[in-house]
Amino acid sequence: MSEENKPLNFIEHIIEEDLANGLSKAKLRFRFPPEPNGYLHIGHTKAIGISFGLGETYNAPVNLRFDDTNPSKEEQEYVDAIKRDIAWLGYTWANEVYSSDYFKKLYDWALQMIKDGKAYVDSQSSEVMAKQKGTPTQVGTNSPYRDRSVAENLDLFTRMKAGEFPAGTHLLRAKIDMQDPNMLMRDPIMYRIMYANHHRTGDDWCIYPMYDWTHGESDYIEQISHSLCSLEFKPHRKLYDWFKEHVYNYSKTELPLAPKQREFARLNLSYTIMSKRKLLRLVEEGVVSGWDDPRMPTISGLRRRGYSPNSIRKFIEKVGVAKRENVIDVSLLEFCIREDLNKTANRAMAVLNPVKVVITNYPEDKVEWLEAENNQEDAAAGYRKVPFSREIYIEKEDFKEEASTKFFRLKLGGEVRLKNAYIIKANSVVKDDNGEITEIHCTYNEDTTKKIKGTLHWVSIKHAVTAEIREYDRLFMHESPDSDKDKDFMDFINPDSLTIKTGFLEPSLARAKVGEQFQFQRLGYFNVDTDSRPAALVFNKTVGLRDSWAKQKPKPQANAPQNKPKQPQQERAAISIIQQFGKKYTNLPEEKQAKVKLEIQELAKKVTYDELEPLFGTALKKAGTRIATLIALKVLLKNGLERNDAVNEFISKALEDKNDLLVAEAKTL
RNA sequence: UGGCCUAUGGUGUAACUGGUAACACAUCUGUUUUUGGUGCAGAAGAGUCUAGGUUCGAAACCUAGUGGGCCAACCA
């Protein structure tokens, strides 16, 4: 990491401050703590990037800790997938650890808590307990079991562990405060009885610790200095600290460092969902082919789609770290992968919507193997040979019988360059009974030095290899599919998120291997899918090229609902528009100022005195707003408003102002 | 008895202990180009949610309001 004067994010500021306050740099230690209950997605990448990134910048260890305290949801398959994904991203963890490694230690501490009167066994049903808990606006009430004796609690708890009670009969709770405004402090559960086989500890335990009682303590055991998590854990911090203080008291000699939790805003990406539960639904209901479907925002999906680790890391670096809710535009992710692939992917030619071109003055049997540059961005990439013959395919969209001069492609009577080959001129077309063009007859010219505006990609028909081409569109048609209060996210699924075509590729691509990436020139970046076989190639479209031509034509595309769900354009109050104009007024160029003034005068007709009066109090320094107010006021006065004290005071204050514009405006009254 | 976060161009993030808003994406020009890609040059777009206050000076500090988010699982 080579950031010299890169601005720090708020977490780095905190660390710098801790360091300045005497924390030894050697004590810095971070962790990434996924629950192995699903696949990692792009949202996790942010958390990974933050903690592992911090590890890299401070040269500090980062643990990979599996938070495996709920055996009913966790599986080894997920552990393996998570490790694979993190490694693929290029990060290395100092230790692979598991919360379940600490079950014994946690149990011993819990015993200690009971002895200190800080925890008790409750024996009520979950329904009753839920009632006692209260609501965010209503305090809770104490459990009748809250004051059991230490001896009874100890007895019950050890018997819970011994498996003497059925699930749901008893719980261990921390004794804090049922009236705390923070609901997490209302005697939170520390242990529940659960007879489930754990993927690591098997049947050793039948009581399992809850998240709050496990997470901070695991941080503490590992001597994590900064425990970074997402914003929704902010309310947990109070409990985190409460538990921490107690265990710190028990163990401070062998475990001297008390970790601190800090929270950052999680990543949201437009047009996608980021909840493991919902992603699981897409998999289970067959909307996608699996966790690694190229449309999925999972790391494995992105990988299969052709996103490189580099591009994802770059993306995370660019989105930054802060505490406010955010929705990142997918275009940023796309920018990152294009930027990466532009430098690394070899170019090739492929035609996806073919139309046949016959070069009538090119001999029937002649074949030329022309030289083509693999990647002009990378001198080391070298050259390859591409066959040229009398009959070739070009894209249907690259030909029009008639077109304006803005269309740089092929039209009747027009010339165009074939990439890596000759210049051709279109002379006539052959159509079928439906009027569809079946052949375009052209003549070629060997002189390639001529200046020509358009260049097309093409492929020799008799040399072409075919391949299945999978093109993807966004999975959802809504910018934030899971934020709608009334509709289920499944209602926004884009029915056309996958398009399968047969493409015709230049023959060099026949040898392409799984995972290999190419730029199909003028089309986009493609990689070889894991389904691909030498005799049956399959390509995924990773991302298209930027296309400023496509933007110009009105897109009749039904499957690109890129318009934001605009708020029901309610009419803005004239007064608020005037205010807005006012803010800009003083630094507008003169002609624009005149224009804005006219607009304000127009708007002022719709403004009442009552709306305007509050603006008289506008702070002195906001000259623009006061000018706008004054302009509007003049309109009102002209329309018969009587001067009153407030008006007079406002005007006289304006006359004395240091802003010339304001004074000039006031003088005309 | 409700509490806690949060608010800066369209989007995301900056602005070190207060000195008049920067960077990236997106958008738009022009230029280069055997990719309507890339590169290069440039433009437009924000008085920092609102109203007060402190200050010579506030995006930053204080107060109040408003908007958004989170919190009531024997999930994490």
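Just so you know, these numbers use all the heavy atoms, side chains as well, and skip hydrogens, waters and symmetry mates. The sequence lines fix the lettering, A, B, ..., with proteins before strands; numbering per chain opens at 1.
Atoms CD (A/E334) and P (B/rU11) sit 18 Å apart, rounded to a whole Å. Whole-Å rounding puts the A/M349 CE to B/rU34 C1' distance at 11 Å. Rounding to whole angstrom units, NZ of residue A/K238 and P of B/rC4 are separated by 9 Å. Spacing between atom CG of A/N342 and atom P of B/rU33 amounts to 18 Å, rounded to whole angstrom units. A/Q521 places its CD atom 13 Å from the P atom of B/rU38, with the value rounded to the nearest Å. Spacing between atom CG of A/D447 and atom P of B/rU34 amounts to 14 Å, rounded to whole angstrom units.
In this structure, A/R384 pairs ionically with A/E506, as a charged nitrogen and a carboxylate oxygen lie closer than 4.0 Å. Looking at A/R409 and A/E397, no side-chain N of the basic residue comes within less than 4.0 Å of a carboxylate O on the acidic one, giving no salt bridge. Comment: A/D101 engages A/R200 in a salt bridge, judged by a side-chain N to carboxylate O separation of less than 4.0 angstrom. A salt bridge links A/R146 with A/D187: the distance from a Lys NZ or Arg NE/NH1/NH2 to an Asp or Glu carboxylate oxygen falls below 4.0 Å.
Rounded to the nearest Å, the gap between the C1' atom of B/rA15 and that of B/rG52 is 25 Å. B/rA64 sits 12 Å from B/rC4 when the P atoms are compared, rounded to a whole Å. Going from the P atom of B/rC49 to that of B/rC56 covers 24 Å, rounded to whole Å. Taking atom P in both B/rU6 and B/rA51, the straight-line distance is 22 Å, to the nearest Å. Taking atom P on both nucleotides, B/rU32 is separated from B/rU48 by 42 Å, rounded to a whole Å. Across the C1' atoms, B/rG45 and B/rA24 are found 15 Å apart, a figure rounded to whole Å. Nucleotides B/rC5 and B/rG42 are separated by 44 Å at their P atoms, to the nearest Å. B/rA59 sits 14 Å from B/rU13 when the C1' atoms are compared, rounded to a whole Å.
Checked against A/Y191 for a ring pair (Phe, Tyr, Trp, His ring centres under 6.0 Å), the options A/Y208, A/W205, A/F157, A/Y211 give a single hit: A/F157.
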Item checked: Pair pattern of RNA chain B in dot-bracket, where unpaired bases get dots and | marks partners in another strand, Watson-Crick or G-U under 3.5 angstrom -> .((((((..((((.....[..)))).(((((.......))))).....(((((..]....))))))))))).....
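Along RNA chain B, the nucleotide nearest A/V321 and the nucleotide nearest A/L332 are compared for position; the residue whose nucleotide lies closer to the 5' end is A/V321. For the pair A/R186 and A/V327, nearest-nucleotide mapping onto RNA chain B gives the more 5' position to A/R186.
Of the candidates B/rU13, B/rC25, B/rU34, the closest approach to any side-chain atom of A/R417 belongs to B/rU34. In this structure, the nucleotide among B/rG36, B/rC25, B/rU35 sitting nearest to the side chain of A/F408 is B/rG36. The A/S548 side chain lies nearest to B/rG36 when the options are B/rA14, B/rU38, B/rG36.
For A/K161 and A/Y107, the positive end sits near the middle of the six-membered ring, less than 6.0 Å away and at most 45° from its axis. Taking the ring axis of A/W458 as reference, the NZ or CZ atom of A/K419 does not stay both within 45° of it and closer than 6.0 Å to the ring centre.
Side-chain contact between A/W242 and A/M185 is present, with at least one heavy-atom pair separated by less than 4.5 Å. Two residues are said to be in side-chain contact when any heavy atoms from C-beta on lie closer than 4.5 Å; A/Q519 and A/N375 fail this criterion.
Put simply, A/K451 has a side-chain N or O that comes within less than 4.0 Å of OP1 or OP2 on B/rU33. At the phosphate of B/rG36, OP1 or OP2 sits under 4.0 Å from a side-chain N or O atom of A/R522. Neither OP1 nor OP2 of B/rG39 sits under 4.0 Å from any side-chain N or O of A/R338. At the phosphate of B/rG36, neither OP1 nor OP2 sits under 4.0 Å from any side-chain N or O atom of A/H457.
Nucleic acid contact class of A/F407 (heavy atoms, under 4.0 Å, all strands): base. As judged by a 4.0 angstrom heavy-atom cut-off over every strand, A/A265 is placed among residues making no nucleic acid contact.
You'll find a donor-acceptor pair under 3.5 Å spanning the side chain of A/R347 and the base of B/rU35, going by distance alone. At a cut-off of 3.5 angstrom, counting only N and O atoms as typed in the model, there is a donor on one side and an acceptor on the other between the side-chain of A/Q519 and the base of B/rU35. Residue-to-nucleotide contacts include no donor-acceptor pair under 3.5 Å from the side chain of A/Q376 to the base of B/rG39.
Side chains of A/Q517 and A/T542: a donor-acceptor N/O pair is absent below 3.5 angstrom, by distance only. With no hydrogens or angles considered, a side-chain donor-acceptor pair links A/R31 and A/S227 at under 3.5 Å.
Note: A/F388 and A/Y422 meet the aromatic proximity criterion, with ring centroids under 6.0 Å apart.
Glycosidic conformation of B/rG10 is anti; the angle lies outside 90° of 0.
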Margin query: Each nucleotide in nucleotides 65-76 of chain B should get exactly one letter: B, S or -. Can you fill that in based on protein heavy atoms under 4.0 Å?
Written below: ----SS-B-BBB
